[in-house]
Novice: 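Here's a structure for you.
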Number of protein chains: 2
Amino acid sequence: MGATLKDVAALANVHPSTVSRVLRNVENLKISEDTKERIFKAIKELNYQPDQTARSLRLKKSFTIGLIIPNVASPYFIGIARSLDAECTKEGYTLIISDTNENQEKEIKAVYDLYSRGVDGLVIAPVQDSDEHIKDLIDKKFPFVLIDRYFEKYDTNAVICNDKESAYNAVKHLIDLGHKRIGFISGRPNLYPVVERLEGYKNVLEENNLEFNQDLIFSSSPTLDDAYEASIKLMELPVPPTAILITGTIITFGVLKAIIEKKKTVPKDLSIIAFTDTILASYFMSPVSTVSHKVDEIGTKAFEILFEHMKSDDLPYSKVVIDTNFVDRNSTAKANI
Amino acid sequence: MGATLKDVAALANVHPSTVSRVLRNVENLKISEDTKERIFKAIKELNYQPDQTARSLRLKKSFTIGLIIPNVASPYFIGIARSLDAECTKEGYTLIISDTNENQEKEIKAVYDLYSRGVDGLVIAPVQDSDEHIKDLIDKKFPFVLIDRYFEKYDTNAVICNDKESAYNAVKHLIDLGHKRIGFISGRPNLYPVVERLEGYKNVLEENNLEFNQDLIFSSSPTLDDAYEASIKLMELPVPPTAILITGTIITFGVLKAIIEKKKTVPKDLSIIAFTDTILASYFMSPVSTVSHKVDEIGTKAFEILFEHMKSDDLPYSKVVIDTNFVDRNSTAKANI
DNA sequence: ACGATTGGCACAATCGATTGTTTACACAGT
DNA sequence: ACTGTGTAAACAATCGATTGTGCCAATCGT
């Protein structure tokens, strides 16, 4: 495209290597002021921009990090992306976001694509339908950090949330209000956070001597429509639940749609608590109390770990658990018994 | 990292150039089946992945496209990003999304960063506080397409919406319902779409013999808080407006917040129409009628134009206008006169 | 049987930047 | 005058893949 090192060197009447050293400001460098000036003048005159591709090739480093997430439309993942991006910028890295749309094939393609493009590290929220590509990264000792989701079978870097405990607490809140039939609507059941949340849900029921009822559990795809269907089914049960734990932002919209259609009033007719907070939760048809994730912290921590692992390959893996906040917006009330 | 062409060549007992040709499936290629087989076997054995950085350097082409948007948290821009990403994938390109957060400096940095990283083209929704970097791209004959926003002073590729007409129609809808005092709340007034929408707003007032009143106009930052403040001011006017045209998704939330706080009922007390539709609009405190943009079409069209311009440098620039849909959700009613 | 064709592959330059090693020269010390 | 030291900059290899050109042998045509 534009001017190259060579062009600058020619104009300044020096060797390209000299220009390079001046630009990179190599230590212990002995270059006369006169030469430096000529070089800087030439750079300005030619509007020289170093070719990062060439640099990357030579340095085997691209100053680029890949982020692979299942849904760029999700406020949760976008929050993480923003915070990660901010950290990257601080350190002079560029973030490449890849959206897999919860599709395993796309994720695998994204991993190899980004790897092949020479990113220095990866942050991945995996689809969790398969994991050989993850294993491959481990074998290659390629620096990466999993976020939100985690494979129990592999030791890797990971930044996850205390989903089990959060679900436990949320359901405890409902139980304390007198609810005994509590619905659970989530995305795909194989996702780590879903597994954990369901586990927390089961634990708290058991501890409070409430029976676990499979009819109240719906785990399907993380789409609005499926969540809507699930909610309708829940509400049409002979004895419907008096409260619902919702785990997912988009899923929340599906539930709201059903609530509107069934003309239920929250929290009078139905108490709900949703996982994953968004700025929007206040403006819904009925504001929703949520379990809020500290997206900034997730992004910051993930970058921190990744950055360390990019610098040296023999670090032990870190697994960090970030806790959540409960944001009460009065979408829960005492059960009508 | 992994194996290189050379390694594959050595294992297959051929010259690297031969491997390259086999891989790229060069036309009119004469390579014996035997050799091909040895090469493929070696590739598999070494798990060879071509180094895209090296390819890019040599080919002066990275199969990468940059997207620069002011806000990755905006459903509108994310919608465009997704559609663009889909198109890129179809053609074997990788999309790099850069978020400027409506910050001009960041945008300039992003442009030069991506350029320097060798993207083959750019799609930009500019901040519009300055434009020298845009001019620079024009001078360099670098392929790029503006979206949503446009500089009247430059001839460039652009995919924009018929904002003027859309605003005209939306306000006409309100006027037909008997509204005479119609507020206008928007983001930064220098943005092309804002200028256009205000123009449409003014035109329709004039054509209907209604007076333009500066007190009803609020253009500031595209934040929830500023929009909230503006709404409060509007509602506290001695004679407040009976309807509001809102231009922006986040801004809509700000207005909703004010509406909730002022305990207004939509559309009984106040009619509203918001620009930029989102799947969420149905689930707000009060559903909002919106002007919906065809984000898919914007992304598709932008890619199409960019793709053409990446192939040949002497094409005339295209400016495409995408029209909008009005989605009625009953947030407007007859004015109480 | 001998030059011409072509199939099958190797050679080497190249993309642009980086960096270990040399070179060229000035000057100081003896 | 000659060696030694240090400064300032040039030289050349390298990262990995691509591609125009060149080369050798086998086959073809007459």
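Values reported hereafter were calculated over all heavy atoms of this structure, with side chains retained and with hydrogens, waters and symmetry mates removed. Predicted model, so just to flag it, every value in this text is computed and none were measured.
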Novice: Strictly below 4.0 Å: does B:Arg24 bring a side-chain N or O up to OP1 or OP2 of D:dT18?
Specialist: yes
Novice: For residues 66-92 of chain A, which residue pairs qualify under ring pair (Phe, Tyr, Trp, His ring centres under 6.0 Å), counting only residues two or more places apart or in two chains?
Specialist: A:Tyr76-A:His293
Novice: Between A:Ile108 and A:Ser130, is any pair of side-chain heavy atoms under 4.5 Å apart?
Specialist: yes
Novice: Whole angstroms only, please: what is the CZ-C1' distance between A:Phe63 and C:dA17?
Specialist: 13 Å
Novice: Charged N to carboxylate O below 4.0 Å: is that the case for B:Arg188 and B:Asp129?
Specialist: yes
Novice: Respond yes when some side-chain nitrogen or oxygen of B:Lys60 is under 4.0 Å from OP1 or OP2 of C:dT14, and no when none is.
Specialist: no
Novice: Could you state the atom-to-atom distance from CZ of A:Arg58 to C1' of D:dC15 in whole Å?
Specialist: 6 Å
Novice: Tell me if the side-chain of B:Ser17 makes a donor-acceptor pair with the base of C:dC11, cut-off 3.5 Å, by modelled atom types.
Specialist: yes
Novice: Contact between A:Asp136 and B:Asn47 at the side-chain level, heavy atoms closer than 4.5 Å - yes or no?
Specialist: yes
Novice: Roughly how many Å is it from CG in A:Leu5 to P in C:dA17, rounded to a whole number?
Specialist: 4 Å
Novice: Specify the residue among A:Pro16 and B:Arg21 whose closest nucleotide of DNA chain D lies further upstream toward the 5′ end.
Specialist: A:Pro16
Novice: If you look at every heavy atom in A:Leu84 and A:Phe303, which pair is closest and at what distance?
Specialist: CD1-CB, 3.7 Å
Novice: Taking atom P of D:dA17 as reference, at what distance in whole Å does atom CG of B:Leu23 sit?
Specialist: 9 Å
Novice: I'd like to know if the side chain of A:Arg117 and the backbone of B:Gln52 have a donor-acceptor N/O pair within less than 3.5 Å.
Specialist: no
Novice: Would you say the side-chain atoms of A:Asn103 pair up with the backbone N or O of A:Lys106, donor to acceptor, closer than 3.5 Å?
Specialist: yes
Novice: Does A:Lys109 qualify as a cation-pi partner of A:Tyr112, given the criterion of NZ or CZ under 6.0 Å from the six-membered ring centre and within 45 degrees of its axis?
Specialist: no
Novice: Send over the distance from A:Asp7 CG to C:dA17 C1', rounded to a whole Å.
Specialist: 13 Å
Novice: Report the distance from atom NZ of A:Lys61 to atom C1' of C:dA17, rounded to the nearest whole Å.
Specialist: 16 Å
Novice: OP1 or OP2 of C:dG8 sitting under 4.0 Å from any side-chain N/O of B:Lys30?
Specialist: no
Novice: Per the end-axis method with five pairs at each terminus, what is the bend angle of the helix from C:dA1-D:dT30 to C:dT30-D:dA1, to 10°?
Specialist: 60°
Novice: Please determine if a side-chain N or O atom of A:Thr18 lies less than 4.0 Å away from the OP1 or OP2 oxygen of D:dA10.
Specialist: yes
Novice: Between A:Ser20 and C:dT18, is there a side-chain N or O to OP1/OP2 distance below 4.0 Å?
Specialist: yes
Novice: Look at the side chain of A:His15 and decide which nucleotide, out of D:dA10, C:dA17, D:dC15, has an atom nearest to it.
Specialist: D:dA10
Novice: Describe the nucleic acid contact of A:Val19 in one word from base, sugar-phosphate, nothing, applying a heavy-atom distance below 4.0 Å.
Specialist: nothing
Novice: So which of residues 44-57 of chain A are in contact with DNA chain D, with a heavy-atom cut-off of under 4.0 Å?
Specialist: A:Leu57
Novice: So that I can tick it off, tell me whether A:Arg149 and A:Glu102 are bridged by a salt bridge, with the cut-off set at under 4.0 angstrom between side-chain N and carboxylate O.
Specialist: yes
Novice: Go through the side-chain N and O atoms of B:Asn71 and A:Arg82 and say whether any donor and acceptor fall under 3.5 Å apart.
Specialist: yes
Novice: Reckon B:Leu59 touches a base, only the sugar-phosphate, or nothing at all at heavy-atom distances under 4.0 Å?
Specialist: sugar-phosphate
Novice: With a non-hydrogen cut-off below 4.0 angstrom, is B:Asn13 in contact with a base, only sugar-phosphate, or nothing?
Specialist: sugar-phosphate
Novice: Between atom CD in B:Glu33 and atom P in C:dG7, what is the gap in whole Å?
Specialist: 14 Å
Novice: Please report, rounded to the nearest Å, how far the P atom of C:dA17 is from the CD1 atom of A:Ile39.
Specialist: 13 Å
